Amino acid sequence: AWGWGGTANRFINQNSVRHLPAGMSQLAAQEAFLTSHASDADTRKYSDPTEEPKHYIDLESFSDFRTLPPDLSVVVAQYGWPALQSYGILPWTIVATVDSLTAQFRRADWNKACQSAADLGHYVGDAYQPLHCTVNYNGQLTGNGGIHSRYESSMLGQYISSLSIHSDTVRYVGDVYALALGMTLHSNGYVDSILQADNAARAASGWNGSGTAPQSYYTAMWDRTGRLTQELLQDATRDIASLWYTAWVNAGVAALAVAEETSGAASLFS
């Protein structure tokens with residue numbers, strides 16, 4: 001399982017902070033931490049065998065993928081845990097991470113809250129990467145082998161400075177699972193666009209898919225996917241901030257913050 005790539009993960013978390021309301025200044029002040037720890041979830045895959053399926057969902061592997069239930073135990077009963085380890089559990093991971101973040105905010109466990117907030121940014125970012133939301137995650141079923149890293153790491157690493165995130169308004173999310181599943185369904189709708197762009201970029205550059213793709217391939221690929229990538233990352237950063245805000249509200253953290261400051265705490269997030 002891939003991620004957006006370290007550069008893009010950091011970009012996503014850093015820009016998610018831009019959407020936070022003034023009342024969440026304690027979390028916004030942790031921009032450096034949220035940015036530098038944006039890829040920790042990827043790093044854990046090397047030591048934690050349970051981590052990898054949290055980063056993706058092969059939607060077409062589920063017969064009822066548009067109506068998957070929010071209760072993961074129901075899905076486990078239907079498909080079996082070994083299958084889910086292969087198909088991925090990304091939407092339920094987002095819900096579980098929001099729940100953890102809420103509990104950490106509520107008990108003022110700020111160090112763990114920062115880590116969970118960084119992880120949440122990573123998982124939501126993955127949900128907005130179309131190739132994390134399809135069984136054809138590397139173009140292996142359509143002759144587009146290697147597209148995953150070409151799109152999310154090699155191309156985006158070159159062109160990320162061309163992206164700009166505008167400040168948006170966060171919203172309270174009443175149904176976190178519905179939002180999480182909706183992210184993956186939305187992203188899945190872009191899979192064909194990316195594969196078609198790959199085919200067109202190969203034709204335009206004369207690259208036959210063997211060896212390293214030339215710069216002309218990436219230029220053509222960006223011309224065809226830059227706009228949709230901008231849209232995906234804008235939406236990802238907005239939804240990350242909205243989920244941070246939702247956990248903050250559900251935890252009643254504003255009152256906790258005032259209590260901490262009154263007691264003379266130097267920083268809520270040490």
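Bear in mind that the values here come from a model prediction, so they are computed numbers and not experimental data.
By the side chain to side chain contact (heavy atoms under 4.5 Å, CB included) test, S47 is found to be paired with no residue, residues two or more places apart in sequence or in another chain being considered. Residues passing the side chain to side chain contact (heavy atoms under 4.5 Å, CB included) test with D175 are Y177, A178, sequence neighbours excluded. Applying the side chain to side chain contact (heavy atoms under 4.5 Å, CB included) criterion to T43, with sequence neighbours excluded, gives no partner residue.
A donor-acceptor contact shorter than 3.5 Å is absent between the side chain of S116 and the backbone of A113. Formation of a donor-acceptor pair under 3.5 Å by the Q85 side chain with backbone atoms of P53 is not found in this model. With R150 contributing its side chain and G145 its backbone, the two residues share a donor-acceptor pair below 3.5 Å. With N188 contributing its side chain and C133 its backbone, the two residues share a donor-acceptor pair below 3.5 Å. Formation of a donor-acceptor pair under 3.5 Å by the Y218 side chain with backbone atoms of A201 is not found in this model. Checking side-chain atoms of R66 against main-chain N and O of L185 turns up no donor-acceptor pair under 3.5 Å. In this structure a side-chain-to-backbone donor-acceptor pair under 3.5 Å is present from W207 to S210. Proximity of a side-chain donor or acceptor of R18 to a complementary backbone N or O of Q14 within less than 3.5 Å is not detected. Remark: the backbone N or O of Q140 is paired with a side-chain donor or acceptor of N136 at under 3.5 angstrom. With hydrogens and angles disregarded, a donor-acceptor distance shorter than 3.5 Å links the side chain of N138 to the backbone of H148.
Inter-residue side-chain proximity for N9 and D42 is flagged as met; some heavy-atom pair is nearer than 4.5 Å. Annotation: side chain of M183 is in contact with side chain of I94 (closest heavy-atom distance under 4.5 Å). Contact annotation: the side chain of Q104 approaches that of R107 to within less than 4.5 Å [non-hydrogen atoms, C-beta and beyond]. With contacts defined as side-chain heavy-atom distances shorter than 4.5 Å, the pair V95/P70 does not qualify. Side-chain contact between I165 and Q230 is present, with at least one heavy-atom pair separated by less than 4.5 Å. When side chains are defined from C-beta on, T93 does not count as touching H122, because their heavy atoms never get closer than 4.5 Å. Put simply, the side chain of N250 does not reach to within 4.5 Å of the side chain of F105, judged on heavy atoms. In this structure, the side chains of T67 and F62 stay at 4.5 Å or more apart for every pair of heavy atoms.
Here the CD1-OG1 distance, from I147 to T142, works out to 9.0 Å after rounding to the nearest 0.5 Å. The OG atom of S25 sits 10.5 Å away from the CD atom of Q30 when rounded to the nearest 0.5 Å. Taking OG of S149 as the reference point, atom CE of M155 lies at 11.5 Å (rounded to 0.5 Å). Between atom OG of residue S36 and atom CD of residue E31 there is a gap of 10.5 Å, rounded to the nearest 0.5 Å. Distance OG/S39 to CG/D119: 10.5 Å, rounded to 0.5 Å. Once rounded to the nearest 0.5 Å, the distance linking CG of N199 with CD1 of I194 reads 12.5 Å.
The minimum heavy-atom distance between L34 and L27, with the atom names listed, is CD1-O, 4.0 Å. Here the shortest heavy-atom pairing between V170 and P21 reads CG2-CD, 3.9 Å. Heavy-atom minimum distance, A83 versus Y79: CB-O, 3.4 Å. Summarising the geometry of W92 relative to P69, their closest heavy-atom pair is NE1-O, 3.1 Å, with the distance given to 0.1 Å. Heavy-atom minimum distance, L120 versus L243: CD2-CB, 3.8 Å. Contact between S16 and T237 at its shortest, heavy atoms only, is OG-CA, 3.3 Å.
In this structure, H186 and Y128 have perpendicular ring planes: the angle between them is above 60°, well past the 30° mark. Note on ring orientation: taking the six-membered ring where Trp is involved, the planes of H37 and F33 are parallel (angle under 30°, cut-offs 30° and 60°).
Under a 4.5 Å side-chain heavy-atom criterion applied to ILVMFWY residues, the cluster that includes V135 comprises L141 as well. Side-chain heavy-atom separations under 4.5 angstrom define the hydrophobic clusters, and V74 shares its cluster with no other residue.
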Could you give me the CA-CA distance, side-chain angles and deciding distance for Y137 and V191, then say whether side chain to side chain contact (heavy atoms under 4.5 Å, CB included) is met? CA-CA 9 Å; Y137 55 87; V191 172; over 6 Å; no
Checking R44 against D40 for the salt bridge (charged side-chain N to carboxylate O under 4.0 Å, His left out) test, could you report, in this order, the C-alpha distance in whole Å, the side-chain angles of both residues, the deciding distance, and whether it holds? CA-CA 6 Å; R44 288 198 299 272; D40 285 6; 5.5 Å; no
If you apply the rule side chain to side chain contact (heavy atoms under 4.5 Å, CB included), what do you find for Y217 with D198, and how did you get there? CA-CA 8 Å; Y217 164 85; D198 179 54; 2.4 Å; yes
Would you sort out whether H55 and Q129 count as a side chain to side chain contact (heavy atoms under 4.5 Å, CB included), showing the intermediate values? CA-CA 10 Å; H55 294 250; Q129 210 287 47; over 6 Å; no
Could you walk me through whether T229 and Y151 satisfy the side chain to side chain contact (heavy atoms under 4.5 Å, CB included) test, starting with their C-alpha distance in whole Å, then the side-chain angles of each, then the deciding distance to 0.1 Å, before giving a yes or no? CA-CA 10 Å; T229 302; Y151 170 66; 2.7 Å; yes
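Listed by first and then second residue, the ring pair (Phe, Tyr, Trp, His ring centres under 6.0 Å) pairs that reach into residues 223-245 come to none, sequence neighbours excluded.
Under 3.5 Å, the side chains of H132 and S187 contain no donor-acceptor pair of N or O atoms. Judged purely by distance below 3.5 Å, without hydrogens or angles, the side chains of N111 and Q115 never pair a donor atom with an acceptor atom. Side-chain N/O atoms of T225 and Y190 include no donor and acceptor closer than 3.5 Å.
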